[in-house]
Amino acid sequence: MPIELRYPDGTIVTHPDGITGIEVARDIGPRLAEAAVAVRLDGHLLDLGRTLDRDGDFAVVTLDDPEGLDILRHSSAHVLAQAVLTEYPGATFAIGPAIEDGFYYDFAVEVPFTPEDLERIEARMRAIVTEDQPFERVTMSRAEALGVFAGHRFKTEIIEAVDPGEVAPGEEVSVYRNNDFIDLCRGPHLPSTGRIPAFRLTRTSGAYWRGDEGRDQLQRIYGTAWASEGDLAGYLHRIEEAERRDHRRLGPELDLFSFPGELGPGLAVWHAKGGQLRKLIEDHSRRLHERFGFEFVFTPHLMKADLWRISGHLDYYAEYMYPGMELDNDQEYRVKPMNCPGHILVYQSRGRSYRDLPMRLSELGTVYRNEKSGVVHGLLRARGFTQDDSHTFCTEDQLGAEIRHQIEFTLKWHRDFGFDERLVEAELSTQPEKSVGDQARWEISEKLLARALDELEVPYRIAPGEGAFYGPKIDIHVRDAIGRRWQMGTVQLDFNNPERFGLEYTTSANTAETPYMIHCAKAGSLERFMGVLVEHYAGAFPMWLAPVQVTVIGVADRHHDYAVTVAGRLGTAGLRVEIDESGETVGDKVRRAITQKHPVLLVVGDDDVANGTVGLRLYGEERDTRGVALDDVVASLTEMARIPE
RNA sequence: GCCGGAGUAGCUCAGUGGUAGAGCGAGCGAUUCGUAAUCGCUAGGCCAGGGGUUCGAUCCCCCUCUCCGGCUCCA
């Protein structure tokens, strides 16, 4: 029975039954056959040597395809495991998938790997690649497989579980063999180890078996693999670029913030420049909250423990809360990890009617969370931070419009900081297995959250069951200047707190109703947001955010008075200006301003004093413009420094 | 919290079982210069903290703290 394959260009070609993927590829073209690493038949990836036994959409997969890279990385993981099992007798292996940009493999070994081990393993891997060992696919029964992997307890566990995610369905399992190395695997793989063009082992770490803290701690080795040495170099360059942008490095360098050891982990101090930046961001936050109809409230950092008992935090969140302190006749107090209970008390301070709703309460609320010691990470994961937090109380009728309103706000917020529509993605997390709250409310809310995203044309994916137990949520993610994805703001429904606190409003029919409560943070944590901003802009902030917008440099000391005049004019126009008064050379002063990433540099010399002009150089530009009239500079810089409308 | 790595001047890093060095930065002096580093001098270190081994420890061992890479967690 011949089979009909439809190629990506739409043509349908008939082939004899039993033809293999590589044979079809050869039939299409010898160069394609050479580049081929696998084929795809109706969405299923198959090894090149597998026979094709049915009609379907057919495509040859090469290393230019994302799937091709996944296969390359997966095969690289096998070679890694082969190298480790060869070099370290007694080692056993767990799982080794492809991940973004690379792969890893988890091992159980007597002694953890050292950087020297990594070199040794990498050398062995190179030898395996040079030997160009073919990957051979073999299927066998579970019983046989249990025999093959006897003594490898993790593999045995996988086979016994017959996890459909890791092993082909049914009783048969597939394994891949190259030389005497054999691994349980669904495949597909490269035709042979020699088809790995470029790889590098990058680091080691501990990892738990099955990701479970309570189970074996394994040794994980990470690597990266690419279609060419050039791609590998490009990847390593991107890593360097990310390091260059690291906010933990730029923060102190640009005098923005630091984490003094005396304070304790995860606690930052903001220096004057970072304080200026933060003030600008907070000002913008308040401006927009006001424009979007929010009211400002303030709640204390310390509240009676009973409040956290009512809210349920002491039941569900206690491990993140700092220990209580006993005051006034054994009254226990807690530092707040969240702002919600405070805002609820504001709501509850008097009887509310439907006429009060929607009530949007916001606060730049500083909270403290006792993050585990191993997870604090600069501003991105701090123990003390400030949320641009808000809690909105509304009726069911208002809910749809309100959700949309808050998402619009969040989008506007990100747009203003350089994350436009193209860089924003959302994630809609729905009801988990264990949840509280009225089922009807869950359904209505999830529907309205999705509808708002549709209407606002925000691309999103649904994370089924990933919502908090108290309500569904939308998380806003952005991609930064080098393509990394960050989770930023969030819009969350909360069915738990209104119930626990017994919130009510009086309807027009004079009945009591429980309001909907929407938790929304636009930036999330200001600290985290600013950390991401630093990395996004690589410390070179746009004019309106730059702590120092303009540096004025006199060519020689005799130009100092004129420099002061220029700075005065700019300052009067509302610009943030510094004069470099050091006795250094012009070249050195220019370099310092550039190193500090100041957006605008004005150099003034004899000609400028005589003509009322300046020499203008913008950050990121190699050239400068001489003899620009001071009035023009004031006008154009003021325009450049405009706050987003 | 767990696994691994690392802590030497403000920063980036050399260094040795016999009580420490460079570059940058800082201060001072000279230089007065037109767009990415002018020259010189000076100051600055409980070598993360504590304990041990040793005649002697920054160096070797143990503990603690902090940071880094992951894991885990992420109401």
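Residue numbering restarts at 1 for every chain, and letters A, B, ... go by the order of the sequence lines. What's counted below: heavy atoms across the whole structure, side chains too, no hydrogens, waters or symmetry copies.
As judged by a 4.0 angstrom heavy-atom cut-off over every strand, A:H559 is placed among residues making no nucleic acid contact. In this structure, A:A556 reaches the bases: a heavy-atom distance under 4.0 Å links it to at least one base atom across the strands shown. Among the heavy atoms of the strands lying under 4.0 Å from A:V375 is at least one base atom, whether or not backbone atoms are also near. Contact annotation for A:R617: base contact, defined as any heavy-atom pair under 4.0 Å involving a base atom. At the heavy-atom level, A:D212 lies nowhere under 4.0 Å from the strands shown. The residue A:R369 sits apart from the nucleic acid: no heavy atom pair falls under 4.0 Å.
Remark: aromatic rings of A:F113 and A:Y88 are close, center separation under 6.0 Å.
For the pair A:R220 CZ and B:C2 C1', the computed distance is 13 Å after rounding to whole Å. If you measure from atom CZ of A:R383 to atom C1' of B:C67, you get 13 Å, rounded to the nearest angstrom. For A:D624 and B:G34, the CG to C1' distance is 8 Å, given to the nearest whole Å. Atom CG of A:L250 is separated from atom C1' of B:C11 by 14 Å (rounded to the nearest Å). In this structure, A:Y104 atom OH and B:G69 atom C1' are separated by 16 Å, rounded to whole Å. For the pair A:W209 CH2 and B:G70 C1', the computed distance is 18 Å after rounding to whole Å. In this structure, A:R591 places its CZ atom 9 Å from P of B:U38, rounding to the nearest Å. Rounded to whole Å, the distance from CD on A:E371 to P on B:C67 is 13 Å.
The side chain of A:Y222 contributes an N or O atom lying less than 4.0 Å from OP1 or OP2 of B:C71. Checking the phosphate oxygens (OP1, OP2) of B:G1, a side-chain nitrogen or oxygen of A:S373 falls inside 4.0 Å. Proximity of A:R215 to the phosphate of B:C71: no side-chain N or O atom is located under 4.0 Å from OP1 or OP2. For A:R248, a side-chain nitrogen or oxygen approaches OP1 or OP2 of B:C68 to under 4.0 Å.
Here the nucleotide nearest the side chain of A:P112, chosen from B:G34, B:C3, B:U72, is B:C3. Counting only heavy atoms from C-beta on, A:D588 has its side chain closest to B:A37 among B:G70, B:C71, B:A37. Distance from the side chain of A:Y320 is smallest to B:C74 among B:C74, B:G1, B:C2. The A:T585 side chain lies nearest to B:C33 when the options are B:C71, B:C33, B:G34. Between B:G1, B:U32, B:U35, one nucleotide has an atom nearer to the side chain of A:R558 than all others, and that is B:U32. Closest to the side chain of A:T595, out of B:G34, B:A36, B:U32, is B:A36. Closest to the A:H377 side chain, of the nucleotides B:A36, B:G34, B:G69, is B:G69.
A donor and an acceptor atom, one from each side chain of A:N611 and A:T613, are nowhere located under 3.5 Å apart. Side chains of A:S258 and A:H271: a donor on one and an acceptor on the other come within 3.5 Å. Defined by atom type and a distance below 3.5 Å, a donor-acceptor pair is missing between the side-chain atoms of A:D494 and A:H519.
When Watson-Crick and G-U wobble pairs are counted only if both distances are under 3.5 Å, B:C2 pairs with B:G70. Across all strands shown, B:C65 forms a Watson-Crick or G-U wobble pair with B:G7, both key distances being under 3.5 Å. Across all strands shown, B:U16 forms no Watson-Crick or G-U wobble pair with both key distances under 3.5 Å. Nucleotide B:A30: paired with B:U38 (Watson-Crick or G-U wobble, both distances less than 3.5 Å). Nucleotide B:G56 forms a pair with no other nucleotide shown, judged by Watson-Crick or G-U wobble geometry with both contacts under 3.5 Å.
Nearest-nucleotide positions on RNA chain B for A:L602 and A:D557 put A:D557 closer to the 5' end. The nearest heavy atom of RNA chain B to A:M338 and to A:Q219 marks one nucleotide each, and the one closer to the 5' end goes with A:Q219.
Heavy-atom minimum distance, A:A305 versus A:L314: O-CD1, 3.5 Å. Of all heavy-atom pairs between A:K336 and A:G365, the closest is NZ-CA, 4.4 Å. Nearest heavy-atom pair, A:A546 versus A:P599, reported as atom, atom and distance to 0.1 Å: CB-CG, 3.4 Å.
Using a 4.0 Å cutoff on non-hydrogen atoms, no part of residues 386-393 of chain A comes near RNA chain B.
For the ring pair (Phe, Tyr, Trp, His ring centres under 6.0 Å) with A:F495, the lone residue among A:F501, A:Y470, A:W442 that qualifies is A:W442.
Identified under the side-chain hydrogen bond (donor to acceptor under 3.5 Å, both in side chains) test for residues 588-602 of chain A, with sequence neighbours left out: A:T551-A:H598.
In this structure, A:F93 and A:Y105 have parallel ring planes: the angle between them is below the 30° cut-off, well short of the 60° mark.
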